[in-house]
Amino acid sequence: MATLLMVESWVQSTGLALPPLLRELGHDYLLFTSDPGLYPDVDGERHPVLRDADEVIVVDTNDRAAMTGAVIGIVCRRRIDGVLTTCDYYLDAVAELAKMLGLAGASPDIVRRAVRKDAVRAVLARAGLPGPRFAVAATWEDALAAAAKVGFPLVAKPVDLNSGTSVHLVDGEAALKDALHEVTGVERNTRDQPLARRLLLEEVLQGPEVSVETVTAAGRTTVLGITGKSVTPTFVEAGHVFPAPLPPAVVAEVTEHVRAALAALGVSHGLGHTELRLTPSGPRIVEINPRQGGGYVFDLVRTVTGVHPLALLVDLALGHTPQLDVVPRGTAAVAFVLAPVDGIVTGVEGRDALDQNPAIVRWQLDVPGPVRRPRDNNDRVGHVLAVDPDGDRAGELAATAVGSLRLRLADGTVVSPVRP
């Protein structure tokens, strides 16, 4: 049995799944959190992040000195065998604490580079990897010059936020001004960390979107598989299917491209979730995320391959080199329920049929409550997870199940979920 230090967590998805997995693996963990109130009760019980922790230690997780002092206090009375988090905003803190303790972990410098979208673009460009035209802006003058370089239409996004937050398709100066104002006007993220307040402008990439799920240990990267992604015109993820239905030649090309990108960044340790567009000119990277895939991608990988990405996260934190034999069987998919309008959902028609559908292994609907048209990946009413154990129809089965639902609104109207 090992004792791990968990520095904060996501609230949903991986945040719900990792704590019970740690207990199942026979490990204890200590939780560092600035505020236990970040983790609300789930189904009338304490959030698993709090419930399953051996100790909950309240410390300013945005203050490296405060966390260092807390760690020193801990190691005087008990052993720490590894440091981890599921939350992007604390990946660099985990790397620093692991290095301080002499434990396994990624290089703090490489993590800081990998979580900055503008830095990743610069590194890949210097390495000669093909990618979209891009520029960074902090002022209106910068934005106009950048737009002239990249050309309209373009994609505008903050350099240091995630979950598709504030990502916009910009078709002219008016929309560019709105995007710049939105990004530079927000000083801190949802965990009260200061933001760079810089806008990354990129050429629009055409083609289907996929993500590549990887694990890197001792400098060797293993591809767990490629996930197909359904994305709305506003860049909100509407669903995932694993593995993506791709020809072997495309799989090989995408795999080689991602390995080259991770090597260019200097990644030698950790999980990876690299998003790409399959353009007519070949694969082009959208973003590199130095962590497990969110949006239940980790569930899909586990279901199809038997390899649990969160168990790999634990292995890496403990300094174990995973022994992987990735053999996919069948397909698994998640489809998200997205509201087409702003309003208040009072009920969902068709939910009983989900329980009677043998392909649906899990579903969740967060209703009743307020909803809005999807602006980022947090605007989800729920999800449906489907499995086709011997075939390739899981994506179709999940999407059909979501499409059969109807959302009843407080104003009396009934609407269908968004279809990408």
Side-chain angles (χ1 to χ4, degrees), residues 8 10-11 38 62 87-93 111-125 131-205 209 211 229 231-238 265 273-277 284-291 294-295 338 342 372-380:
E8 300 287 7
W10 284 125
V11 174
L38 289 169
N62 294 333
C87 183
D88 302 50
Y89 296 141
Y90 298 96
L91 291 170
D92 59 336
V111 171
R112 280 189 287 269
R113 186 184 308 142
V115 297
R116 281 285 298 250
K117 297 176 177 64
D118 52 340
V120 170
R121 283 284 179 229
V123 168
L124 299 185
R133 297 185 300 276
F134 71 95
V136 180
T139 68
W140 177 235
E141 292 73 21
D142 290 343
L144 287 174
K149 172 184 176 182
V150 175
F152 292 116
L154 54 83
V155 176
K157 64 178 73 170
V159 300
D160 51 1
L161 286 176
N162 52 33
S163 298
T165 303
S166 298
V167 179
H168 298 287
L169 181 63
V170 172
D171 57 5
E173 289 189 9
L176 178 63
K177 183 173 289 187
D178 289 342
L180 180 69
H181 176 74
E182 180 175 327
V183 169
T184 59
V186 179
E187 297 184 2
R188 293 181 175 271
N189 64 24
T190 55
R191 298 302 177 101
D192 200 35
Q193 297 171 335
L195 294 169
R197 301 169 71 188
R198 291 177 178 272
L199 190 66
L200 178 60
L201 306 180
E202 300 177 338
E203 174 188 4
V204 177
L205 295 172
E209 186 166 330
S211 65
K229 302 166 77 70
V231 183
T232 72
T234 55
F235 307 110
V236 175
E237 295 175 355
L265 274 176
H273 173 72
T274 302
E275 299 171 346
L276 306 94
R277 289 273 183 173
R284 299 291 184 266
I285 286 175
V286 175
E287 293 179 2
I288 293 178
N289 301 286
R291 42 84 171 161
L338 305 172
D342 298 347
R372 67 175 189 172
R373 286 183 292 268
R375 295 165 176 80
D376 59 47
N377 293 335
N378 295 310
D379 294 326
R380 293 166 176 163

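Note that the structure is a prediction, hence the values are computed from the model and not measured.
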Partners passing salt bridge (Lys or Arg N to Asp or Glu O under 4.0 Å) against Arg198 (at least two apart in sequence or in another chain): none
Asn62 side chain to Arg191 backbone, donor-acceptor under 3.5 Å: yes
Any Thr184 side-chain heavy atom under 4.5 Å of Leu199 side chain: no
Spatial distance of atom CG (Leu154) from atom CG (Leu169) [nearest 0.5 Å]: 7.5 Å
Heavy-atom check, side chain of Leu176 versus side chain of Leu201, under 4.5 Å: yes
Partners passing side chain to side chain contact (heavy atoms under 4.5 Å, CB included) against Asp92 (at least two apart in sequence or in another chain): Arg64, Val111, Arg112
Atom pair CG/CG of Asn189 and Asp160 - distance to nearest 0.5 Å: 7.5 Å
Under 3.5 Å donor-acceptor, Asn377 side chain and Glu237 backbone: yes
Nearest-0.5 Å distance, CZ of residue Arg188 to CZ of residue Arg197: 10.5 Å
Atom pair CG/NE2 of Asp178 and His168 - distance to nearest 0.5 Å: 8.0 Å
Minimum side-chain heavy-atom gap Glu209-Leu276 below 4.5 Å: no
Qualifying residue for salt bridge (Lys or Arg N to Asp or Glu O under 4.0 Å) with Glu202, from Lys157, Arg284, Arg277, Arg133: Lys157
Counterpart residues, side chain to side chain contact (heavy atoms under 4.5 Å, CB included), relative to Arg375 (two or more places apart): Asp342, Arg372, Arg373, Asp379
Contacts of type side chain to side chain contact (heavy atoms under 4.5 Å, CB included), residue Asn378, not counting sequence neighbours: Ser163, Thr165, Asp376
All side chain to side chain contact (heavy atoms under 4.5 Å, CB included) counterparts of Pro290, not counting sequence neighbours: Leu91, Ala114, Val115
Trp10 ring center near Tyr90 ring center (under 6.0 Å): no
Check residues 143-150 and write down every donor-acceptor pair under 3.5 Å in which the side-chain atom is one partner and the other belongs to a residue at least two apart or another chain.
| residue | atom | partner | partner atom | Å |
| --- | --- | --- | --- | --- |
| Lys149 | NZ | Phe134 | O | 3.1 |

CG-CD distance between Leu200 and Glu287, expressed to the nearest 0.5 angstrom: 8.5 Å
Any donor-acceptor pair under 3.5 Å from Glu203 side chain to Pro132 backbone: no
